[in-house]
Amino acid sequence: MNYQSAMIDRRWRSWYPVAEDAEFPLQNLPYGVFERADGQVRVGVALGDQVVDLAELQAAGLLAGTPAADKNLFDQSNLNLFLEQGIDCWTAVRMRLAELLRADSAVLRDDVRLRDRAMIPQAAVQMFMPVRIGNYVDFYSSREHASNVGKMFRDPNKPLLPNWLHLPVGYNGRASSVITSGVNFHRPCGQFNADESGPPSFGPTRQLDIELEVGFITGTGNSLSVPITTWQAANHIFGLVLLNDWSARDIQKWEYVPLGPFLGKSFATSISPWVVPLAALEPFRVAGPLQDPPVLPYLQYEGDWAYDLQLEVWLQTARMNNPQRICRTDFKYMYWNMVQQLAHMTVNGTNVQSGDLYGSGTVSGPTPDSFGSLLELCWKGTQPIRLSSGEERRFLEDGDTVILRGWGQGEGFRVGFGELRTTVLPAKVNVVAENQ
Ligand code: CA
């Protein structure tokens with residue numbers, strides 16, 4: 001079985017009403033972890049404005065005929081146990097859910113008491129981190145982003161480093177500080193060197209930035225020393241999330257030579273609470289950019305592995321009543337794709353695990369309004385963003401709220417990620433004072 005077996009026909013509709021431009025139609029069914037009003041934490045899928053409690057469906061025997069029928073996979077505080085079951089289980093459960101929620105299926109539709117227990121308005125639940133993440137890797141796979149950074153900090157005429165067109169550059173990030181929507185963090189402190197001729201100073205970062213990314217989560221891993229090939233990779237990928245790879249540019253700039261990002265990145269990484277299954281994104285697969293020079297054989301792949309997903313960043317300062325869009329781009333611009341990233345990641349024999357998170361790298365497009373970081377949008381601080389409040393931004397201020405959105409537009413339906421929302425809190429000043 002492969003993940004494409006879990007595609008849901010675009011003509012199917014649910015008995016539960018879902019608007020045509022809503023992000024969670026029957027074709028999506030993203031997985032998340034939520035807390036019920038009675039305090040129980042469960043795994044569910046989103047449908048319209050509801051969350052469907054899968055533990056209730058399992059307890060009622062409605063997952064009969066799937067590998068999840070007799071297992072306690074959903075009365076859980078994360079998706080990990082479900083992920084470990086593998087693609088046959090994910091496929092069977094997804095297709096069973098589509099059957100149960102389809103307009104002509106009476107079993108759940110007409111069981112009012114079960115519906116009352118199993119379907120809860122999203123507005124009434126709290127969402128949690130969907131996955132217990134063991135490992136987090138961040139790639140750097142947008143040619144436009146890498147070129148912009150190279151132009152700003154190195155050589156405008158030769159912005160890419162010699163390795164960039166030959167391998168998907170990445171680094172091992174920090175899993176423990178991955179947080180989900182609605183979880184806010186304090187502005188990080190660190191060392192930076194604003195006056196390059198003098199010694200470094202310590203304090204709250206002055207250059208807090210976003211990176212608009214898409215992350216994928218591996219459902220099943222590989223054994224040590226047994227790489228995953230590009231043609232096997234898709235069946236290891238459970239699903240995708242929106243990802244904001246927060247970056248302190250001044251800390252990053254001072255620390256990154258020669259080993260790469262460290263404290264300028266590891267203080268927080270945000271992901272959306274809903275994990276969209278890879279099968280739900282199948283209608284949006286498109287050809288990626290031509291790779292020239294040709295890549296080495298282990299990075300070659302068949303089929304189209306870019307995804308046409310519209311991505312947006314919105315910003316709302318403490319003085320604004322409504323957020324303002326500051327970036328609009330598309331995931332299809334990425335030069336390196338997920339199957340290449342996973343093949344490259346494991347080609348040395350390292351073992352990826354169930355519940356690992358992989359960031360795409362900042363998704364920047366070809367036009368200035370499609371750059372996925374403030375560093376690029378404001379071109380190293382030289383072109384501030386003007387906001388409807390009359391304020392300007394080069395980097396984020398305390399109290400700023402950043403919202404990421406993303407979706408694929410199908411024929412008569414939309415598959416979205418929901419919202420990833422985070423507010424920047426002030427630095428913990430006592431920490432600064434004690435360290436001065
Ligand atoms: Ca990044």
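For ligands, and for the atoms within them, numbers begin at 1 and follow the listed sequence.
A salt bridge does not link R414 to E23: none of the charged side-chain nitrogens sits closer than 4.0 Å to a carboxylate oxygen.
Checking side-chain atoms of N222 against main-chain N and O of T350 turns up a donor-acceptor pair under 3.5 Å. No donor-acceptor pair under 3.5 Å is formed between the side chain of S141 and the backbone N or O of P168. Between the side chain of Q316 and the backbone N or O of N321 there is at least one donor-acceptor pair closer than 3.5 Å. A distance-only check finds a donor-acceptor pair linking the side chain of D400 to the backbone of E397 [under 3.5 Å]. D209 contributes a side-chain N or O that, together with a main-chain N or O of L375, makes up a donor-acceptor pair within less than 3.5 Å.
Counting only protein N, O or S atoms, 4 lie closer than 3.0 Å to the Ca ion (ligand 1).
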